[in-house]
Amino acid sequence: MAGAGPDHLFNLRNNFYLGSYQAAINNSDLPNLSPDDAIERDCLVYRSYIALGSYQLVINEIDDSAATPLQAVKLLALYLSSPHDKESTISSLKEWLADPAIGSNAILRLIAGIIFMHEEDYNEALKHTNAGGTMELHALNVQIFIKMHRSDYAERQLRVMQQIDEDHTLTQLANAWLNLAVGGSKIQEAYLIFQDFSEKYPMTGLILNGKAVCCMHMGNFDEAETLLLEALNKDAKDPETLANLVVCSLHLGKSSSRYLSQLKLTHPEHILVKRASSAEDSFERAVQTVG
């Protein structure tokens with residue numbers, strides 16, 4: 001961005017990165033955008049709608065004549081809205097990635113990375129994201145490497161981001177994610193990053209969950225619960241908030257069944273739901289064996 005004049009999309013991007021999705025949508029009517037900036041703006045707005053669960057709105061509004069980045073965002077909405085039909089979405093995605101005319105598009109590669117990460121096919125995700133090219137791609141690489149338990153590779157990606165822009169919101173977020181993954185004395189550093197965000201920007205579920213997870217790692221479950229209940233007030237269906245409340249309640253010796261039930265209803269595919277279900281199945285089998 002150096003020497004490129006004012007960055008008209010700075011606040012919009014920041015709102016999106018930090019989870020202020022409605023604010024991103026509400027403040028997206030920006031005048032005098034270049035055609036490329038207008039496409040990026042539309043992508044951020046539609047991705048904000050996706051984050052809020054409004055998949056159908058995105059599917060309806062993006063038509064076949066839209067630019068490649070917007071088509072990619074529509075694919076993400078299709079993938080998330082129809083888990084039973086995800087195979088056709090993934091095959092469309094693979095076709096587009098194989099097309100030399102559009103396969104290298106940064107947003108298409110980003111969406112590919114997000115979808116394959118959801119599928120837990122990390123090697124396939126990295127095929128498309130590893131070359132980087134944007135801060136979002138680098139940040140996604142950090143997330144993928146953390147999921148693969150390769151914090152050494154995640155740290156390399158973070159260094160690249162720090163060289164590009166140490167103060168960038170995504171660099172700070174990636175730093176916090178890595179600190180959480182490494183653990184130990186790094187947890188305090190992660191907490192300070194989320195604390196800094198909460199002082200600079202409006203409080204969001206993402207920031208509250210970040211602080212709460214740090215608190216849980218440090219054994220401060222009461223503070224974590226307070227933060228998570230504040231996050232629940234902002235969005236009663238947020239899967240991370242509900243999942244973290246399940247864990248936090250268990251540590252506080254409180255019932256977590258209501259949060260787990262909510263999570264099952266709204267996000268049946270969540271890993272915590274799957275783990276709880278398999279534990280219940282094992283328990284049932286054990287009871288039947290004993291019986």
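Position 1 is the first residue of the sequence, and the numbers go up from there.
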What distance separates [X] [atom1] from [Y] [atom2], expressed to the nearest 0.5 Å?
X	Y	atom1	atom2	result
His251	Asn220	NE2	CG	12.5 Å
Asp37	Asp7	CG	CG	7.5 Å
Phe145	Leu158	CZ	CG	12.5 Å
Cys214	Tyr191	SG	OH	8.0 Å
Ile50	Ile114	CD1	CD1	8.5 Å
Thr89	Ile115	OG1	CD1	7.0 Å

Inset, instruction - Show the numbers, then the answer: is there a side-chain contact (heavy atoms from CB on, under 4.5 Å) between Tyr153 and Val142? - result: CA-CA 8 Å; Tyr153 283 115; Val142 171; over 6 Å; no

So which atom in [X] and which in [Y] form the shortest heavy-atom distance, rounded to 0.1 Å?
X	Y	answer
Thr169	Phe197	O-CZ, 3.8 Å
Leu260	Val246	N-CG2, 3.7 Å
Ile59	Ala77	CG1-CB, 3.9 Å
Arg41	Leu9	CB-CD2, 3.8 Å
Val73	Cys43	CG2-SG, 4.0 Å
Ala24	Leu12	O-CD1, 3.1 Å

Legend entry - Arg13/Glu136 under salt bridge (Lys or Arg N to Asp or Glu O under 4.0 Å): CA gap, chis, key distance, verdict: CA-CA 10 Å; Arg13 278 195 211 100; Glu136 273 207 272; over 6 Å; no

So do the side chains of [X] and [Y] get within less than 4.5 Å of each other, counting heavy atoms only?
X	Y	value
Pro69	Glu40	no
Glu189	Ile193	no
Leu140	Gln143	yes
Met161	Glu166	no
Leu110	Thr134	no
Asn15	Ile25	no
Gln71	Trp96	yes
Ile146	Ser151	no

Legend entry - Check against side-chain contact (heavy atoms from CB on, under 4.5 Å), Lys200 and Leu18: CA-CA 11 Å; Lys200 279 188 194 164; Leu18 291 171; over 6 Å; no

[X] [atom1]: over 12 foreign heavy atoms closer than 6.0 Å:
X	atom1	answer
Tyr55	OH	yes
Asn32	CG	no
Asp63	CG	yes

Ignoring hydrogens and geometry beyond distance, is a side-chain donor-acceptor pair present between [X] and [Y] at under 3.5 Å?
X	Y	answer
Asn60	Gln56	yes
Gln262	Lys237	no
Thr68	Asn105	no
Asp36	Ser34	no

I'd like to know if the side chain of [X] reaches the main chain of [Y], judged simply by a donor and an acceptor atom lying under 3.5 Å from each other, with no hydrogens or angles considered.
X	Y	answer
Ser92	Ser88	yes
Gln162	Asn175	no
Ser20	Ala23	no
Ser82	Tyr79	no
Asp42	Leu70	no
Asn209	Gly205	yes
Ser54	Leu57	no

Legend entry - Residue pair Asp152, Arg156: steps toward the salt bridge (Lys or Arg N to Asp or Glu O under 4.0 Å) verdict: CA-CA 7 Å; Asp152 50 340; Arg156 262 184 238 171; 5.0 Å; no

same_hphob_cluster([X], [Y]) at 4.5 Å side-chain heavy-atom cutoff:
X	Y	result
Val213	Leu192	no
Phe10	Leu173	no
Leu250	Leu228	yes

Inset, instruction - Could you check Asp165 against Asp167 for side-chain contact (heavy atoms from CB on, under 4.5 Å), going step by step and ending with a plain yes or no? - result: CA-CA 6 Å; Asp165 183 353; Asp167 298 324; 3.9 Å; yes

Legend entry - Short N-O contact, Glu225 and Lys254, less than 4.0 angstrom: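 The answer is yes: the pair qualifies as a salt bridge.
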
Inset, instruction - In plain terms, say whether Glu124 and Lys94 are close enough for a salt bridge, that is, a side-chain N and a carboxylate O under 4.0 Å apart. - result: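 Answer for the salt bridge query: no.
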
Legend entry - Step-by-step salt bridge (Lys or Arg N to Asp or Glu O under 4.0 Å) determination, Glu119 to Lys86: CA-CA 10 Å; Glu119 289 291 303; Lys86 66 183 183 184; 3.1 Å; yes

Inset, instruction - Starting from the C-alpha separation in whole Å, work towards a yes-or-no answer on side-chain contact (heavy atoms from CB on, under 4.5 Å) for Leu52 and Gln22. - result: CA-CA 8 Å; Leu52 293 171; Gln22 197 59 55; 3.5 Å; yes

Legend entry - Contacts of His128 that satisfy ring-ring contact (aromatic ring centres under 6.0 Å, His included) - sequence neighbours left out: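 With sequence neighbours excluded, His128 shows a ring-ring contact (aromatic ring centres under 6.0 Å, His included) to Phe116, given in chain and number order.
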
